[in-house]
Structures are given as structure tokens and as C-alpha cells.
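The structure under discussion appears below in the form of C-alpha cells.
Every chain is numbered from 1, with letters handed out A, B, ... down the list of sequences.
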Number of protein chains: 2
Amino acid sequence: MQPHVNNILNDLKKDDFQAYLLTGFTNVEYISGYKPTSFAFCVIKDDPVIYASGMDMELARRDSIIEVKEYESYEIMIEELKKEGIKNLAIEPSLPYSTYVRFKDDFKIDSKTYVDKQRMIKTPAEIEKITCATEIAQKSFLELDILNNRNTEKEIAFDLVRLMIENGASKESFDTIVTSGPASSLPHAIPEDKKLEQPILIDWGAIFEGYCSDNTRTIVYSEHQQEIWDIVAEAHDKAIKAIKPEMKCCDVDKVARDIIEEYGYGDKFIHSTGHSLGLDIHETPGFSARDETVIEKGMVITVEPGIYLEGEFGVRLEDTVAISKRGSVIGDLPLNIV
Amino acid sequence: MQPHVNNILNDLKKDDFQAYLLTGFTNVEYISGYKPTSFAFCVIKDDPVIYASGMDMELARRDSIIEVKEYESYEIMIEELKKEGIKNLAIEPSLPYSTYVRFKDDFKIDSKTYVDKQRMIKTPAEIEKITCATEIAQKSFLELDILNNRNTEKEIAFDLVRLMIENGASKESFDTIVTSGPASSLPHAIPEDKKLEQPILIDWGAIFEGYCSDNTRTIVYSEHQQEIWDIVAEAHDKAIKAIKPEMKCCDVDKVARDIIEEYGYGDKFIHSTGHSLGLDIHETPGFSARDETVIEKGMVITVEPGIYLEGEFGVRLEDTVAISKRGSVIGDLPLNIV
């Protein structure tokens, strides 16, 4: 059995829970190695089991390191758990309310972040996969030759995905953002059917063996754009330099935010400074003003300050940082690629 | 205000609820026209409002037909709702448990399927978009020239997405399945780095103006494969022919399932006969043995029987059916494309 399962069993025992219910696809994957394609109920207990949908049985039996049964109905599943003497059940916080309702009359229920917390600390093997994903994504970005690229935003976004797949990614880690001109002030802009305007903002990532990467670069042209770029780059660099274990996540956010505020753009930095990534592109903890999580070795968190001037343009610069003694940037793509 | 909001307000009044909370991205999009990229709390009440994340404010103000405020904290949002005299709150069934917990002490809460139910019945404009998505996907499939295609599964899957985007799709509606040989017995197989074996199974769809399409074709070669294909085609055709308003969804499933059972492959048809689609690729109701929803005009549901022989191969054939007086297949791609 994977160490992940054993750690969860220890957590359960400490809190006097008999079982833990997971349905999130990447949570099930993290625990078992099997990523559902339809639905699955993973119950971690002394004798852990996954109730998988009939259509997933071949896949689940092939990939899961824990026992797999075919799901038949809520009634049968609940009856089986009750027969084992299970009376209280921890659930993942993201469990849909409608699923919670199915279980709430038969078990004493509380939500617990056991898996989220374990997933915060990546193993060396996980960091290696994130590193490979990042290297594939950055190599592909360079192959785009963005400075001489005469295609449309939509074509460039598509070409970048093609290059990442050719370079070994299974797919993109989120919808690739290639935006330019005024639309770059939307942090999650959608590529359009138009040639590149100025500045150019690209936010992209690859998935390698299930693990995500995430980077953003902005290429600026005018003096005003360069001025904003310099501020964002300063916030990016100083936040990364500040990162170390035992510091709180919110204090890293503060480093970046204070710099941008000093230059008078505090209200134009409209999101948090970064998020963890792994099997999902957005995981916890994040470098946000409200996240008091203490940074630990093994966390992998992005740093991505930005300034967004509605009607004008936006600048964002993003790298992914693996935390050891200090924060070390994954990949070697320069911030300034001109 | 959109008729959608008014219909929901009527539902709320009937059930004595004062407000309805939605956070699912396509639910918020359906109601307001604004699709969140980060998070949003849409509260339908006499004076409906969306609390959007700061980073989405420019987008939300641009796209939403209902009022948008910037989300600050749960506390402030809950205080504002309480000040308006709101005491009971309906929630969408898919709401995460952790979000439910934030509201449960301040409001009487129950989950309601108001939006899911409205989304079941597509307007002519919605059916038009699904039709465009299907036509783009089918045209792109034909351009692939699959019978003479010497590329790998992964390359073909990628080419199909490229063609769909060139033909006007915004993106694929789900991860394109191009599988062949024994792997085709996995209903949700992942394309591999290998040349096509036999049979070839392709399950693909496009998104056009937010709306999804979904089709599957299987190209068979041996006599045994053809025999299985014929059974699946019979189930597909007869199920579609049977569809009419006022029939129950489970009875359509039964038509397809009975045929496959008669031929002795009942235990190899390991999923339901179909699912609705729209803004999401999987919506309710579905043609499944347990779904007793009565079919109504305006529903758009797939019919996709399959037979999966582990270690050998799988066959699935899928079309999308718009329900008017009877079921009418969207698109005109023949089942047998050889």
C-alpha cells in the first residue's frame, strides 16, 4: 500500500474517524494511481476500497493499487460500510452537497483536508515530474519564436499546445492564454482570431505524467509598458527571493503586493501572488493575503504578480517555485525574452 | 432580465425560498451570460447579483446581464444577504460541501435542481448552437480522411482538434478519444503514440459559442468486429427511432439494452445509453436504467450504445438527438463511414 494511504489512516485515527470518502478525480488518482473517467467513491479505511463505475472497471483494475469494486448503488455501498461497523465518515471539503446528502443520515460526517494537506508536500518524484512539465513547456515556448511570429493569437495558442505535445506533454495544463493589446488586461483572456498587438501576454503550461506546469511571460514595447513590466519584474524577483520555509504564505504575497503598492498600482494587482500546483493546476496553499499556511520544504507554488490597466494593457510574469532551503525557480526561461 | 432568471424566481416563490445560490461556472453563465474564470457566487433573488472575484470584474461587467459586485469575503456577502431579510437559501446540488458549510449557520438551506431542470429544455437558439458545433465536428472528422490516415492515434486526435478549431470551434468539448485495437475496450481510452490498429474508435466533439457536440464512430475490419458493430448499430437505430416526448428516459435505455442483451452481450454494455449535453458535455437527464425523467420537447440527448470485449476490442456508435415530435438526429454523418 502506498505511504499516502498509511498517512491518511494515521490522520483518521488521531481524529477518531473510521473512514474517509474521496470522489475528486485527482484525489482518487493521488491515493490509488487510478484516475476515474466517469465517477468513483474511494473509501480509505483499514481495508481501503474504490467503488468504480462499471465503464471504468478495466482501467481501475489495471491502474489502482488499492482494491476496486464495481459501484452498484448508494444503498449497497452504504450498507457495506455500515456492516463493517463504520459510523463516522470524514469527507473531502470539495464533495458535492448532493453526495454529502446521500451519506449524512447513516454516518456522523465532518469534512477534513487530510489529502489536500498531504498533496501540499510534493515528493522528489512529484517535483521531478513538475520539472519535466515545465521544461517541455519552456522549450516549446522558445520554439514558437514569438517575436517573429505572424500568426493570430488563436493559431499561436494552438501551435504552442502542438509543440508541447510533440515535446512529450500529454496535453496542456489549462486553456493556453495568448492575448495582446488591451485584452491583456483580462487575467484569463481567451485567444482571438487576430494578429498580435502590443504588449503580448502568454500564460501556458504542460502536463507530464499527470503533473502540471505554469508560466507567464509578457513582451512589452512602449515606454509605459516597460515601466509597468519593470515593477512587476521587481515584485516577481523579490517575492521569490523572500521565500523560505517557516515563513507564512501571506507574507510572500505581502512582499509582492507592497512593491506594486509603493509604485501606486496596488488596486491594479487584482489577484493573489500565486497558487500551488501538482496533479491539479490550482492547489493549496497559495501566496494570498489570507493564506496563513506556513511554508514547508516540498511545496511547489507559483509566483505571478501582475498589473492590469483596463482599456490599456496588462503585464504578468509567472514562475513556479519549488521550496527547499529557499525557493528555487523551476526551469530556466529568462523573464525578459527579448 | 433574461427569462431564465424569471423562471427561477417563480420556482423560488412556489417553494417559499427567498434566494438561490449558484457557483457552478456554466450555471452562472446560463443565468448571466458571464462565465467565471476564477470563482463567483450568483445569488438569484428579486434583485439578483453576482459576487465575482476581483480578477474577473472587467469580464463580468462586460458579459453579465445581471448586477455584478466584487467579492470581498464570505462575512460581507452573508451580512448583505441577511440585511435584505434573506433567511432561507436554495443551493445547487453540486455546491461543494465546504461552501455549504460557510452558509449553513446563517440560512435555512436546501438543494434544488431549478437550474438543472431549466437547462434540460433547450431553446431553439441553444439547439442551433449545438447543431453548429456538431456540423463543425462532423465536417472536421471527414477532413481527417481516417481510412487513409497513417498518423499515430495521438497525432490524429490532435489533427481533429486543429480541424475543428479551423472550422470555427472555440475548442474541443472533451479530450478527443482516438483509440484502436484492444485499447478500444476502454470507453474513455487515451490516444497513444502508435499507428492505428483495428478496429478504430473515435469519440469527439466541438464547442461552438459555448455549446458542445458529441459523436462516436467505430470502423471495423474483421467479421467478428462487424458482427458486434451490427448489434450496436441496431441498438443505436432502434433507440433513436423509439424516442418521443412523454416517454421515460429509462425506457429508451431499455430499448438499446434489450437488443444488446438478446444477442448475449448485456454484460458488455457497461454504461448508460446516453446523456444530455449543452453548455456542459454531460448534463441531465440521461438515457439510463435509473433515470425516470419524462422526455420533453427541447431536450438534447446522446444515444451511444457500446459493446466492450476486454482484451479484444470495443465498438461504440453515438449521435446526438434533439427531441421535437420525435427524436431527430443532429448532423448527417453516416454511421457506416466506410
Side-chain angles (χ1 to χ4, degrees), chain A residues 24 35-38 53-59 61-62 70 73 91-101 104 109-111 113 154-155 157-159 161-162 165-166 168 170-171 174-177 182-183 185-191 193 267 269-272 282 290 306 308 310-311 314, chain B residues 24 35-38 53-59 61-62 70 73 91-101 104 109-111 113 154-155 157-159 161-162 165-166 168 170-171 174-177 182-183 185-191 193 267 269-272 282 290 306 308 310-311 314:
Chain A
K35 186 172 187 178
T37 78
S38 171
S53 82
M55 67 180 286
D56 262 1
M57 284 303 289
E58 182 182 343
L59 180 74
R61 269 194 247 103
R62 188 190 75 185
E70 186 170 339
S73 70
I91 59 174
E92 64 193 350
S94 58
L95 196 79
Y97 179 80
S98 54
T99 307
Y100 157 72
V101 165
K104 81 179 174 48
I109 288 182
D110 201 359
S111 77
T113 54
K154 212 166 155 177
E155 287 164 348
F158 193 78
D159 284 342
V161 177
R162 177 181 53 78
I165 291 178
E166 283 176 10
S170 56
K171 56 185 283 195
F174 55 89
D175 288 349
T176 301
I177 297 171
S185 73
L186 293 169
H188 286 158
I190 293 169
D193 277 319
D267 61 331
F269 179 19
I270 54 180
H271 54 68
S272 58
H282 290 116
R290 286 153 205 252
Y308 305 91
E310 192 171 338
Chain B
K35 186 172 187 178
T37 77
S38 171
S53 81
M55 68 180 285
D56 262 359
M57 285 303 289
E58 182 183 343
L59 181 73
R61 269 195 246 105
R62 188 189 77 186
E70 187 170 338
S73 71
I91 60 173
E92 64 193 351
S94 58
L95 195 80
Y97 179 80
S98 54
T99 308
Y100 157 71
V101 165
K104 81 178 173 50
I109 288 182
D110 201 359
S111 77
T113 54
K154 212 166 155 177
E155 287 164 347
F158 193 78
D159 284 341
V161 176
R162 179 181 52 77
I165 291 177
E166 283 176 10
S170 57
K171 56 184 283 196
F174 55 90
D175 287 349
T176 301
I177 298 171
S185 73
L186 294 169
H188 286 157
I190 293 169
D193 277 318
D267 61 330
F269 179 19
I270 55 180
H271 53 69
S272 59
H282 290 117
R290 285 153 206 250
Y308 305 91
E310 191 171 339

Fill in: Test ring-ring contact (aromatic ring centres under 6.0 Å, His included) applied to A:His282 and A:Phe174, step by step
CA-CA 10 Å; A:His282 290 116; A:Phe174 55 89; 7.7 Å; no
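- Taking both residues in full, the closest heavy atoms of A:Pro191 and A:Ala157 are given as CG-CB, 3.8 Å, listed atom of the first, atom of the second, then distance.
- Between the CG atom of A:Leu59 and the CD1 atom of B:Ile190 there is a distance of 7.5 Å, given to the nearest 0.5 Å.
- Per-residue counts of heavy-atom pairs under 4.5 Å with chain A were compared for B:Lys171, B:Glu70, B:Met55; the largest is that of B:Met55.
- No part of B:Asp193 comes within reach of chain A, as not one of its non-hydrogen atoms sits under 4.5 angstrom from that chain.
- Between A:Thr113 and A:Pro93, the shortest heavy-atom distance links the atoms CG2-CG, 3.7 Å.
- With a threshold of 4.5 angstrom between heavy atoms, B:Ser272 does not approach chain A through any atom at all.
- For the set A:Glu166, A:Lys154, A:Glu310, A:Met57, the entry with the most heavy-atom pairs within less than 4.5 Å of chain B is A:Glu310.
- Contact of A:Thr99 with chain B is not made at all, since no heavy-atom distance falls under 4.5 Å.
- Below 30°, between 30° and 60°, or above 60°: for B:Tyr100 and B:Tyr97 the angle between ring planes is between 30° and 60°, a tilted geometry.
- B:Ile91 touches chain A through its side chain: at least one heavy atom from C-beta onward sits under 4.5 Å away, while N, CA, C and O do not.
- At a 4.5 Å heavy-atom cutoff, the contact between B:Arg290 and chain A is made by side-chain atoms alone.
- Neither the backbone nor the side chain of B:Ser53 has a heavy atom closer than 4.5 Å to any heavy atom of chain A.
- Neither the backbone nor the side chain of B:Val101 comes within less than 4.5 Å of any heavy atom in chain A.
- Between chain B and the residues A:Pro187, A:Ala189, A:Gly306, the largest count of heavy-atom pairs under 4.5 Å involves A:Pro187.
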Discussion item. If you apply the rule salt bridge (charged side-chain N to carboxylate O under 4.0 Å, His left out), what do you find for B:Glu58 with B:Arg62, and how did you get there?
Written reply: CA-CA 6 Å; B:Glu58 182 183 343; B:Arg62 188 189 77 186; over 6 Å; no
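- Using modelled atom types, one side-chain atom of A:His188 and one backbone atom of B:Thr37 make a donor-acceptor pair closer than 3.5 Å.
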